[in-house]
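Following: one structure in structure tokens, then a few remarks.
Since the model is a prediction, treat every value here as computed from it, not as a measurement. In this chain, numbering begins with 1 at the start of the sequence shown.
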Amino acid sequence: MDDLYIIHLDDQTRLACLKDKTLLESLEAHQVEVHFQCREGFCGACRTKLIEGQVDYLTDPLAFIDDDEILPCCCVAKSDLKLKLGG
């Protein structure tokens, strides 16, 4: 389906998620614990390592993140993703 993407968290965990939801919303829908304090890219608490894939930011993050990190609170997937939670 064109409206779904897959998040790979490890070799066994694959989550089907809707493209119109932020990554944080998608992870929460699957009861994956992600630490956060906002939903607009300010604090950086949800910092996550992006191993593979591409995201698009709905709001430019104001928190400092490394080139291989994303803020799930304010981005959506542009492709299937492989993530490592906790940065």
Side-chain angles (χ1 to χ4, degrees):
M1 285 184 149
D2 287 342
D3 59 342
L4 292 177
Y5 62 90
I6 304 298
I7 297 175
H8 302 265
L9 297 180
D10 56 39
D11 290 339
Q12 292 80 33
T13 307
R14 290 172 178 75
L15 310 173
C17 301
L18 296 171
K19 289 184 177 179
D20 66 344
K21 302 291 183 189
T22 67
L23 293 180
L24 180 58
E25 291 170 329
S26 296
L27 292 166
E28 288 177 320
H30 287 281
Q31 287 79 45
V32 175
E33 185 177 337
V34 179
H35 299 284
F36 67 93
Q37 295 177 353
C38 81
R39 292 187 178 265
E40 298 176 4
F42 296 120
C43 71
C46 65
R47 179 177 288 113
T48 300
K49 187 171 290 277
L50 177 64
I51 297 169
E52 291 178 13
Q54 295 181 319
V55 299
D56 192 19
Y57 279 94
L58 303 173
T59 303
D60 288 334
L62 297 176
F64 173 79
I65 54 174
D66 289 332
D67 291 341
D68 63 345
E69 294 177 324
I70 59 171
L71 296 178
C73 67
C74 59
C75 67
V76 295
K78 291 179 61 177
S79 68
D80 288 351
L81 303 173
K82 186 172 184 181
L83 305 176
K84 180 179 179 190
L85 296 179

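- Inter-residue side-chain proximity for Ile70 and Ile65 is flagged as unmet; no heavy-atom pair is nearer than 4.5 Å.
- Within the 4.5 Å cutoff, the side chain of Leu83 has no heavy atoms near those of the His8 side chain.
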Candidate pair Leu23 and Leu81, rule side chain to side chain contact (heavy atoms under 4.5 Å, CB included), full reasoning: CA-CA 10 Å; Leu23 293 180; Leu81 303 173; 3.6 Å; yes
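- Residue pairs meeting the side chain to side chain donor-acceptor pair (under 3.5 Å) criterion with at least one partner in residues 28-38, sequence neighbours excluded, are Glu28-Arg39.
- Within 6.0 Å of the CG atom in Asp66, the count of heavy atoms belonging to other residues, nucleotides or ligands exceeds 12.
- For the atom pair CG (Asp80) and CZ (Arg14), the distance works out to 10.5 Å, reported to the nearest 0.5 Å.
- Scanning both residues, Cys43 and Ala63, for their nearest heavy atoms gives C-CB, 3.8 Å.
- For the pair Cys73 and Cys46, the tightest heavy-atom approach, listed with the atom from each and the gap, is N-SG, 3.6 Å.
- Cluster membership for Val55 and Phe36, using ILVMFWY side-chain heavy atoms within less than 4.5 angstrom, is shared.
- For Asp10, the side-chain hydrogen bond (donor to acceptor under 3.5 Å, both in side chains) partners are Thr13, not counting sequence neighbours.
- The distance from the SG atom of Cys17 to the CD1 atom of Ile6 is 7.5 Å, given to the nearest 0.5 Å.
- Expressed to the nearest 0.5 Å, how far NZ of Lys82 lies from CD1 of Ile7 amounts to 14.0 Å.
- With sequence neighbours excluded, no residue forms a side-chain hydrogen bond (donor to acceptor under 3.5 Å, both in side chains) with Gln54.
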Let me see the working for Leu27 and Leu85 under side chain to side chain contact (heavy atoms under 4.5 Å, CB included), right down to the final yes or no. CA-CA 10 Å; Leu27 292 166; Leu85 296 179; 4.1 Å; yes
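- Not counting sequence neighbours, the partners of Asp68 by the salt bridge (Lys or Arg N to Asp or Glu O under 4.0 Å) test are Lys49.
- Annotation: salt bridge (Lys or Arg N to Asp or Glu O under 4.0 Å) contacts of Glu25 (sequence neighbours excluded): none.
- The shortest heavy-atom contact between Pro61 and Leu71 is CB-CD1, 3.4 Å.
- Of all non-hydrogen atoms in Thr22 and Pro72, the two that sit nearest each other are CB-O, 3.6 Å.
- Residues satisfying the side-chain contact (heavy atoms from CB on, under 4.5 Å) test with Asp20, not counting sequence neighbours, are Leu18.
- Nearest heavy atom pair, residue Ser26 against residue Tyr5, reads OG-OH, 3.2 Å.
- Residues Ile51 and Lys84 come closest through the heavy atom pair CD1-CB, 3.9 Å.
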